[in-house]
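Report on one structure; see the data block that follows.
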Amino acid sequence: MAKETKTGKPLPAVPFLKLPEDGEPYLEGHKCKACGAVYLGERSVCAKCSARDQIEPTRLSDKGKLYAYSIVHRSFPGIEVPYVSAIVDLDGGGTVKGNLINVAADPAEIPFDMPVEVVYKDALGRKDKDGNSYVSYFFQPAG
Amino acid sequence: MSDVYIIGVDMIQFGRFPERNVANIGAEAALLALDDAGLSIQDMQALYCGNLGQANAMVGQRILQEIGQTGVPVVNCANACATGATAFREAWMSIKADVNDLVLAVGVEQMGKGLLGGGGGGKGIPKEGLLGSATMPAVFAEAGMEHARKYGTTFEQFAKVSVKNHHHSTMNPKAMYQIETPLDTVMNAEMISYPNTKLMCSVNVDGSAAAVLASEKKTKELGLMDRAVRVRASVLTSDPWQERDLVMPDVNTCTRNAAKQAYEMAGVGPEDIDLVELHDCFATAEILHYENLGLCKDGEAGRMIDEGATALGGKVPVNCSGGLLSKGHPLGATGIANIFEVSTHLRGNAGARQVDGAKIGLTHVIGLGSACAIHILEKAA
């Protein structure tokens, strides 16, 4: 932690968001070689097929389709509303939840299966107690 | 194996009791259920206690400190919103296993107001409102929207669930609220997480419910068969792996699996069920469970609510108590409160909300994370 603070380098908001030194950010899944199930985060045993030591990291797609969502109007103090909480099926496997941005908070404007892309930005200005900045992922309608 | 019977069951009126403690609230329902059976805590061979919020605080033992420390085994259960039903099922299993023949199950919860879920924890920065929402209204809104994407279910159809359940609660003196909420009131209430408005979210309340369970032999010995309710099925499932369940808790598959097992165990089908108390933690959830429980075919739940089939007087009344939406949802008590409601109808004691001629009823709860408990109950005599 101290190292990042010193250099001012932002941290990933979740462990499955990767910020390579030399390359673009991406989401990392963990895929079971035995059954194909995709997880967010490391594990040694597959929850779907119970195979052991068959899980390997895989780079998830930055493209996907909107599966389901809710427009959140009431949240905890300090959290800006409304916002769209979205569940997105990424192309090639993996389902991820996040904020869908750059859309009107209106169900008429948010069709199911809308193509979306994953974008990476500062985590809404949120910092941890050590003052570190964070990068998060967001979804937006595919351009 | 012996059939198991409910020979005493009751609940307190749900409400907010900040001046009391959880053991005291649980003790009240325990005494009511014992009174209903005409028995004493001295007669009970074990206590199965369901409580979620203070699961590490020996609530069952503290209830006995309030009503009689008899030294019997006490099991404290926590299983999210299936907590009370799990405690009841543990009691049932102990009789099935021929370990006990007369036991008490209590479910109790003392809650604050406000949003559940999404409170954070974990490292780094808070994720709520950054990576979507983990609040319960949003999670169940998303589950409802999954139904909407499949079948075109509308905001209005979800809202009708709340209109119905609030109407039912006007006939239930033990409900937290007894207030009619017409459709426009429900739809125009504060939007919490689309499509769930405030009136489509269950009410956080304090409450308790309890049941006395007995073996067939004991029930006959006590001469209580004429008021007994037979437990025809008791089933508990967890959520099998689903491709989206890391980010979208699946309340459907564990309910479908539990329903299938419960109907098989009871030797009945959905068409034989006269009333249902199901887990309407949010209005969206009730719609899903019509199909999950086989009350209608997949895709017909919207039509079912439109046609009034699940209202009192309809084909299969659902949540005559007012449901979690209006009776209230004290997490650990809900599973036994549902059993109280169905038992009350089977005994013909439900007053204005009585389902005429009710013979078989079903109770269902879901604990997110997930646990599903279903009981099928039948009037014994």
Side-chain angles (χ1 to χ4, degrees), chain A residues 11-15 17 35-41 46-50 66-76 78-89 93-100 105-107 110-113 123-129 132-134 136-139, chain B residues 114-120 122-156 158 189-198 200-201 238-250 282 284:
Chain A
L11 300 167
V14 286
L17 166 56
C35 74
V38 176
Y39 299 93
L40 304 171
C46 178
K48 182 182 183 188
C49 75
S50 311
L66 178 67
Y67 181 73
Y69 67 94
S70 175
I71 304 169
V72 179
H73 292 263
R74 167 94 78 93
S75 190
F76 294 102
I79 295 173
E80 196 177 328
V81 290
Y83 66 91
V84 179
S85 173
I87 289 160
V88 169
D89 289 341
T95 299
V96 183
K97 182 164 176 166
N99 285 10
L100 174 62
D106 173 359
I110 310 175
F112 295 116
D113 289 325
L124 305 176
R126 296 183 190 186
K127 290 183 168 36
D128 65 23
K129 58 182 169 40
N132 294 305
S133 299
Y134 283 77
S136 191
Y137 64 87
F138 300 85
F139 307 117
Chain B
L115 289 168
L116 296 185
K123 295 174 183 166
I125 49 173
K127 311 298 189 300
E128 183 64 21
L130 175 66
L131 302 178
S133 179
T135 65
M136 290 300 107
V139 165
F140 280 91
E142 287 160 2
M145 292 299 272
E146 183 181 44
H147 196 270
R149 72 169 278 139
K150 278 188 195 163
Y151 303 119
T153 324
T154 64
F155 173 34
E156 181 174 327
F158 290 127
E190 179 192 354
M191 183 59 75
I192 304 294
S193 269
Y194 180 88
N196 283 322
T197 69
K198 188 171 185 178
M200 296 161 72
C201 300
S238 63
D239 48 335
W241 186 89
Q242 295 288 306
E243 65 174 318
R244 297 184 184 86
D245 65 8
L246 288 170
V247 297
M248 193 174 186
D250 174 26
F282 296 89
T284 46

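In what follows, every chain begins at residue 1, and chains take the letters A, B, ... in the order their sequences are listed. All values below come from the heavy atoms of this structure, side chains included, with hydrogens, waters and symmetry mates left out.
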Q: For the residue pair Phe155(B) and Met200(B), establish whether any side-chain heavy-atom pair is separated by less than 4.5 Å.
A: yes
Q) Under a 4.5 Å heavy-atom cut-off, does chain A meet the side chain of Glu190(B), its backbone, both or neither? A) side chain
Q: Let me know if Ala143(B) has heavy atoms under 4.5 Å from chain A in its side chain, its backbone, both or neither.
A: neither
Q: Check each atom of Ser75(A) against the heavy atoms of chain B and say whether the ones under 4.5 Å are side chain, backbone, both or neither.
A: both
Q: List for me each residue that meets ring-ring contact (aromatic ring centres under 6.0 Å, His included) alongside Phe158(B), sequence neighbours excluded, and say none if there are none.
A: none
Q.
Between Lys198(B), Arg244(B), Met191(B), who has the most heavy-atom pairs with chain A when the cutoff is under 4.5 Å?
A. Arg244(B)
**Q.** Which of Asn99(A), Ile87(A), Ile71(A) touches chain B most, by non-hydrogen pairs under 4.5 Å
**A.** Asn99(A)
Q | Atom group of Leu40(A) that falls short of 4.5 Å from chain B, counting heavy atoms | A | both
Q. Where is the tightest heavy-atom contact between Arg126(A) and Pro126(B), given as atom of each residue plus distance?
A. NH1-O, 2.6 Å
Q | Flag for Glu128(B)-Ser133(B): side-chain donor and acceptor within less than 3.5 Å | A | yes
**Q.** Atom group of Tyr39(A) that falls short of 4.5 Å from chain B, counting heavy atoms
**A.** both
Q: Indicate the atoms forming the closest heavy-atom contact of Gly129(B) with Leu124(A), along with that distance.
A: O-CD1, 3.5 Å
Q: Pick one of side chain, backbone, both or neither for Tyr83(A), based on which atoms fall under 4.5 Å of a heavy atom in chain B.
A: side chain
Q | chain B contact via Leu17(A) - side chain, backbone, both or neither, heavy atoms under 4.5 Å | A | neither
Q: Answer yes if the side chains of Glu243(B) and Thr95(A) hold a donor-acceptor pair under 3.5 Å, and no otherwise.
A: no
**Q.** Lys127(A) portion near chain B, given a 4.5 angstrom heavy-atom threshold
**A.** backbone
Q | Nearest heavy atoms of Pro111(A) and Leu66(A), plus distance in Å | A | O-CD2, 3.5 Å
Q | Beyond-backbone contact of Leu130(B) with Tyr134(A), side-chain heavy atoms, under 4.5 angstrom | A | no
Q) Is any side-chain heavy atom of Cys35(A) closer than 4.5 Å to a side-chain heavy atom of Cys46(A)? A) yes
Q | Proximal component of Val38(A), with respect to chain B [non-hydrogen, under 4.5 Å] | A | backbone
**Q.** Heavy-atom contact with chain B under 4.5 Å, split by part of Asp89(A)
**A.** side chain
(Q) Does any backbone or side-chain atom of Leu246(B) lie under 4.5 Å from a heavy atom of chain A? Answer side chain, backbone, both or neither. (A) side chain
